[in-house]
Amino acid sequence: EVTALSVADEFNTEEFVELFEAHDRVLVLASIPGAGKTYSLLKYFQPLGDKALVVTPYNALACDLMACQEGCEGGEACACVKAHTAITFHRLIGARAHGEDDEQEDDGGAPTKHDISGVSHILFDEVFCFNPLQLAQLQKFMDDNALMADGTLRKFFAAGDKNQNAPIYSSCLNRLE
């Protein structure tokens, strides 16, 4: 079942928290790029620390989401809204990205999946950059990992621009109409 939710005041963090806590799977959309979809989710994730994970289609985006804003010195006084942990989708599921050579991981085996045992909230950022195969893998991942070890439901979020350019290595455009 899909339920469309709307936010009356996009600057009201309490309203976002109330909506996010009431649902286990949320897709955050906005009518324009740069509207603050990811920012709102990262702000919601801040108190969770390492219980929150951000998954991106590109390594550069994962690095950007964990970095402090320009001019921040970091450390104890840092008030930047950023991801505690951000990884690529390939790292999450233990796969190599298209076109990578056959170098093995340090252990000499296949890439390992990221351990999500302590993670209660996962954000798939720029979800419309994922190609159709990755979206199917994402769905399977969410279905297979919906329950945490203690039996509580894991929360999944996605954010993206519904007018996103076509995903790399895809002849298909992921669009919502």
Side-chain angles (χ1 to χ4, degrees), residues 5 13 16-30 33-69 72 74-75 78-98 100 105-107 109-162 164 167-168 174:
L5 307 170
T13 303
F16 275 105
V17 170
E18 187 178 309
L19 283 173
F20 294 157
E21 287 298 317
H23 299 86
D24 297 320
R25 294 186 182 191
V26 177
L27 172 61
V28 178
L29 301 172
K37 300 172 293 293
T38 302
Y39 178 86
S40 296
L41 285 158
L42 290 178
K43 195 164 172 98
Y44 167 67
F45 279 13
Q46 287 297 294
L48 300 171
D50 61 3
K51 292 181 182 175
L53 175 66
V54 179
V55 179
T56 68
Y58 313 115
N59 193 45
L61 179 56
C63 292
D64 286 349
L65 291 175
M66 290 189 298
C68 287
Q69 282 77 29
C72 178
C78 176
C80 294
V81 176
K82 60 185 179 181
H84 185 273
T85 305
I87 61 172
T88 64
F89 180 68
H90 290 92
R91 178 68 181 164
L92 178 71
I93 64 170
R96 286 195 172 76
H98 179 79
E100 287 186 10
E105 294 287 318
D106 291 341
D107 65 0
T112 56
K113 295 178 183 178
H114 185 78
D115 179 12
I116 61 161
S117 58
V119 175
S120 59
H121 294 65
I122 299 177
L123 163 61
F124 296 97
D125 195 32
E126 298 298 349
V127 72
F128 294 108
C129 287
F130 292 99
N131 66 44
L133 174 61
Q134 290 169 324
L135 290 172
Q137 291 171 320
L138 187 151
Q139 178 68 48
K140 181 173 177 6
F141 175 85
M142 290 190 305
D143 292 343
D144 291 348
N145 294 282
L147 285 178
M148 295 183 58
D150 64 4
T152 59
L153 281 175
R154 184 172 277 119
K155 291 183 175 285
F156 296 101
F157 302 88
D161 180 357
K162 62 184 181 178
Q164 182 66 48
I168 294 174
N174 299 339

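These values consider heavy atoms only, across backbone and side chains, with no hydrogens, waters or symmetry-generated copies.
Using a 4.5 Å heavy-atom threshold, the side chains of Leu42 and Val54 count as touching. The shortest distance between side-chain heavy atoms of Phe157 and Leu27 does not fall below 4.5 Å. Leu92 has its side chain out of reach of Leu138: every pair of non-hydrogen atoms, C-beta onward, lies at least 4.5 Å apart. At a threshold of 4.5 Å between non-hydrogen side-chain atoms, the residues Leu41 and Val28 count as touching.
No donor-acceptor pair under 3.5 Å is formed between the side chain of Arg25 and the backbone N or O of Ala158. Formation of a donor-acceptor pair under 3.5 Å by the Gln134 side chain with backbone atoms of Asn131 is found in this model. Although no hydrogens or angles enter the test, the distance criterion places no donor-acceptor pair under 3.5 Å between the side chain of Lys37 and the main chain of Ala30. Remark: side-chain polar atoms of Ser40 are paired, donor with acceptor, to backbone N or O of Gly36 under 3.5 angstrom.
To the nearest 0.5 Å, atoms OG1 (Thr112) and CD1 (Ile93) are separated by 12.5 Å. In this structure, CD on Glu126 lies 6.0 Å from CG on Leu61, to the nearest 0.5 angstrom. Here CG of Leu5 is found 10.5 Å from CG of Leu29. Values are rounded to the nearest 0.5 Å. Within the model, atoms CE of Met66 and CD1 of Ile87 stand 9.5 Å from one another, a figure rounded to the nearest 0.5 Å. A distance of 7.5 Å separates CD in Gln137 from NE2 in His90, rounded to the nearest 0.5 Å. In this structure, the separation between CG on Leu135 and CZ on Phe89 is 8.0 Å, given to the nearest 0.5 Å.
Inspection of the Thr88 and Asn59 side chains reveals no N or O donor paired with an N or O acceptor under 3.5 Å.
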Next on the checklist: Test side-chain contact (heavy atoms from CB on, under 4.5 Å) on Val26 and His23; report intermediate values, then the result.
Outcome noted: CA-CA 7 Å; Val26 177; His23 299 86; 3.7 Å; yes
Next on the checklist: Let's go through Arg154 and Asn145 carefully: what are the C-alpha distance in whole Å and the side-chain angles of both, what is the deciding distance for side-chain contact (heavy atoms from CB on, under 4.5 Å) to 0.1 Å, and is it a yes or a no?
Outcome noted: CA-CA 7 Å; Arg154 184 172 277 119; Asn145 294 282; 3.7 Å; yes
Item to check | Stepwise side chain to side chain donor-acceptor pair (under 3.5 Å) check, Thr38 with Asp125 | outcome: CA-CA 7 Å; Thr38 302; Asp125 195 32; 2.5 Å; yes
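The two residues Phe156 and Ala146 have their closest heavy-atom pair at CE1-CA, 4.1 Å. Contact detail for Asp161 and Phe128: the closest heavy-atom pair is O-CD1, 3.3 Å. Minimum interatomic distance between Pro57 and Phe130 (heavy atoms only, all atoms of both residues): N-CZ, 4.0 Å.
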Would you mind writing out the side-chain donor-acceptor pairs for residues 114-124 within the sub-3.5 Å range, not counting sequence neighbours?
{"residue": "Asp115", "atom": "OD1", "partner": "Ser117", "partner atom": "N", "Å": "2.9"}
{"residue": "Asp115", "atom": "OD1", "partner": "Ser117", "partner atom": "OG", "Å": "2.9"}
{"residue": "Asp115", "atom": "OD2", "partner": "Ser117", "partner atom": "OG", "Å": "3.3"}
{"residue": "Ser120", "atom": "OG", "partner": "Lys51", "partner atom": "O", "Å": "3.4"}
{"residue": "His121", "atom": "NE2", "partner": "Tyr44", "partner atom": "OH", "Å": "3.3"}

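With sequence neighbours left out, the salt bridge (Lys or Arg N to Asp or Glu O under 4.0 Å) criterion links Asp64 to no other residue.
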